[in-house]
Peer 1: 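Following this message is one structure expressed as structure tokens.
Keep in mind that this is a model prediction, so the values were computed, not measured.
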Amino acid sequence: MFKKLLKAVCLTAVLIVLWYAFSAIVGKPFVPMPHTALAAFANGFFTKIVPHSLYSLARITAAVFAAVLSGYTAGLWIGCSDRADSLVFPLVSVIYPVPKIAFLPVIMLLFGLGELSRIISVYIIIVFQIVVTVRDNLKSADPSLYYPLTALNAGKWDTLRFLLIPVTLKGLVSSVRTALATSLSVLFFSETFGTDRGLGFFIMDSMFRVNYAEMYAGILAIGLIGGALFYVLGIIEKKFVK
């Protein structure tokens with residue numbers, strides 16, 4: 001534990017030193033010194049950073065929860081059913097490679113500029129990643145894993161509990177982790193118009209007000225949210241994925 005903490009402190013110190021060097025080299029107000037951005041972060045923590053962060057965190061949490069629930073179920077269904085795999089998976093394969101941000105205008109037109117459209121924008125990034133990963137995990141599983149369950153006359157629930165879920169759980173966590181970075185990017189973009197709440201709005205509003213210290217404070221907040229989500233996924237993986 002101490003080694004991990006020391007490593008994190010050293011890495012943070014290196015990043016701050018590099019930030020100071022970059023700011024000094026650029027010499028422009030839009031790249032402020034780290035202490036200026038950190039002061040803005042501290043001064044506006046309760047009045048600006050926390051309220052906007054909570055809106056962004058609520059949106060991405062809702063999207064992740066919905067994507068895991070529906071994507072994992074769909075992945076199990078496609079992976080276990082040859083009929084579903086032949087009929088549904090080709091459609092998923094066509095949609096999956098398309099940059100999901102391309103769907104954002106369509107989502108906005110269909111669902112408006114409210115909260116639902118922002119959540120759906122993040123949802124479609126994560127859900128396809130989960131479906132494909134879970135399906136591939138099941139298709140690549142060693143067929144001999146099923147033999148003991150068949151010999152013991154196991155039912156569908158036992159097969160799901162003792163084989164299908166353990167086989168796919170690591171892939172589920174990995175797929176959510178992989179999609180998080182892109183999800184935060186799309187969430188930021190969707191928060192830059194049609195709302196006055198969220199870190200995307202806060203960062204762009206700070207830029208237009210030429211308050212670059214607050215702009216970097218917002219960027220730092222997004223980084224902390226991403227880091228916190230990765231940390232939570234790490235705990236889940238360590239606790240539940242054997």
Peer 1: Under 3.5 Å, is there a donor-acceptor pair between the side chain of Ser23 and the main chain of Val31?
Peer 2: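 Answer holds: yes.
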Peer 1: Could you tell me whether the side chain of Val122 reaches within less than 4.5 Å of the side chain of Val64, counting heavy atoms only?
Peer 2: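 Side chain of Val64 against side chain of Val122, heavy atoms only: no contact under 4.5 Å found.
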Peer 1: So does Val127 get a backbone contact from the side chain of Tyr72, meaning a donor-acceptor N/O pair under 3.5 Å?
Peer 2: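 Looks like no, no N/O pair under 3.5 Å.
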Peer 1: Minimum heavy-atom separation for Gly75 to Val134, with atom names?
Peer 2: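 Closest heavy-atom pair between Gly75 and Val134: C-CG1, 3.6 Å.
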Peer 1: Tell me, please, which residues at least two apart from Glu214 pass salt bridge (Lys or Arg N to Asp or Glu O under 4.0 Å).
Peer 2: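 If we apply the salt bridge (Lys or Arg N to Asp or Glu O under 4.0 Å) test to Glu214, skipping adjacent residues, the hits are Lys48, Arg209.
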Peer 1: Is a donor on one side and an acceptor on the other found under 3.5 Å between the side chain of Thr36 and the backbone of Pro32?
Peer 2: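 Checked: no pair found.
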Peer 1: Kindly indicate, with the supporting measurements, whether the criterion side-chain contact (heavy atoms from CB on, under 4.5 Å) is fulfilled by Arg177 and Val173.
Peer 2: CA-CA 6 Å; Arg177 183 187 288 113; Val173 177; 4.0 Å; yes
Peer 1: Find the distance between CG (Leu187) and OG1 (Thr182) and round it off to the nearest 0.5 Å.
Peer 2: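 Leu187 CG to Thr182 OG1: 12.5 Å, rounded to 0.5 Å.
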Peer 1: For Ala221 and Ile49, which heavy atoms make the closest approach, and how far apart are they?
Peer 2: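 Scanning both residues, the minimum pair turns out to be CB-CG2, 3.9 Å.
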Peer 1: More than 12 heavy atoms of other residues, nucleotides or ligands under 6.0 Å from OH of Tyr20: yes or no?
Peer 2: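 Result for OH/Tyr20: enclosed.
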Peer 1: Just so I know, are the side chains of Lys139 and Asp85 near enough to count as touching, which here means a heavy-atom distance under 4.5 Å?
Peer 2: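 The answer is yes, as the side chains (C-beta and beyond) meet within the 4.5 Å cut-off.
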Peer 1: So does Ile78 get a backbone contact from the side chain of Arg135, meaning a donor-acceptor N/O pair under 3.5 Å?
Peer 2: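 Here the side-chain-to-backbone pair does not exist.
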Peer 1: If you count every heavy atom of other residues, nucleotides or ligands that lies below 6.0 Å from Asp142 atom CG, does the total exceed 12?
Peer 2: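 Correct, the count exceeds 12.
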Peer 1: Side chains of Thr195 and Leu113, heavy atoms from C-beta outward: is any pair under 4.5 Å?
Peer 2: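 SC-SC contact between Thr195 and Leu113 ruled out.
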Peer 1: Does Trp19 reach the side chain of Met33, with side-chain heavy atoms less than 4.5 Å apart?
Peer 2: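 No, their side chains stay 4.5 Å or more apart.
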Peer 1: Should Phe103 and Ile120 count as side-chain neighbours, where that means a heavy-atom distance under 4.5 Å?
Peer 2: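 No; the side chains remain at least 4.5 Å from each other.
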Peer 1: So which heavy atom on Ser70 is nearest to which on Tyr123, and how close?
Peer 2: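 Nearest heavy atoms, Ser70 then Tyr123: OG-OH, 2.7 Å.
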Peer 1: To check you understand the geometry: which heavy-atom pair defines the closest contact between Gly112 and Ser117, and what is its length?
Peer 2: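 Where Gly112 meets Ser117 most closely, the heavy atoms are O-OG, 3.0 Å.
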Peer 1: Do the non-hydrogen side-chain atoms of Gln129 and Tyr96 ever get within less than 4.5 Å of each other?
Peer 2: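 The answer is yes, as the side chains (C-beta and beyond) meet within the 4.5 Å cut-off.
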Peer 1: Tell me whether the count of non-hydrogen atoms from other residues, nucleotides or ligands lying under 6.0 Å of CZ in Phe193 goes above 12.
Peer 2: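 Result for CZ/Phe193: enclosed.
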Peer 1: Please report the shortest heavy-atom distance between Ser140 and Asn137, naming the atom on each side.
Peer 2: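 So the two residues come closest at OG-O, 3.3 Å.
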Peer 1: Tell me the closest heavy-atom pair linking Ile119 and Arg59, and the distance in Å.
Peer 2: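 Minimum heavy-atom contact is CG1-O, 4.0 Å.
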Peer 1: Check step by step if side-chain contact (heavy atoms from CB on, under 4.5 Å) holds for Ile60 and Leu180.
Peer 2: CA-CA 9 Å; Ile60 197 166; Leu180 267 181; 4.1 Å; yes
Peer 1: Decide whether Ser56 and Glu191 meet the rule of one side-chain donor and one side-chain acceptor closer than 3.5 Å.
Peer 2: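 Yes.
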Peer 1: Rounded to the nearest 0.5 Å, how far does CD1 of Ile107 lie from OG of Ser190?
Peer 2: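 Those atoms lie 9.5 Å apart.
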Peer 1: Quick one: does Ser174's side chain get under 4.5 Å of Thr133's, heavy atoms only?
Peer 2: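 No, every pair of side-chain atoms sits at 4.5 Å or beyond.
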Peer 1: Give a yes-or-no answer on whether the side chains of Glu115 and Tyr55 include a donor-acceptor pair shorter than 3.5 Å.
Peer 2: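 No, no side-chain donor-acceptor pair sits under 3.5 Å.
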Peer 1: Taking the side chain as C-beta and beyond, is there a heavy-atom pair between Phe240 and Ile165 under 4.5 Å?
Peer 2: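 Sidechains of Ile165 and Phe240: no contact.
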Peer 1: Determine whether Leu38 and Tyr216 satisfy the following criterion, side-chain contact (heavy atoms from CB on, under 4.5 Å), listing intermediate values before the conclusion.
Peer 2: CA-CA 8 Å; Leu38 291 173; Tyr216 278 85; over 6 Å; no
Peer 1: Look up atom NE2 in His52 and atom CG in Leu57, then write down how far apart they are to the nearest 0.5 Å.
Peer 2: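 That separation rounds to 14.5 Å.
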Peer 1: Taking the six-membered ring for Trp and the single ring otherwise, decide whether the centroids of Phe41 and Phe45 are under 6.0 Å apart.
Peer 2: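 Yes, close enough.
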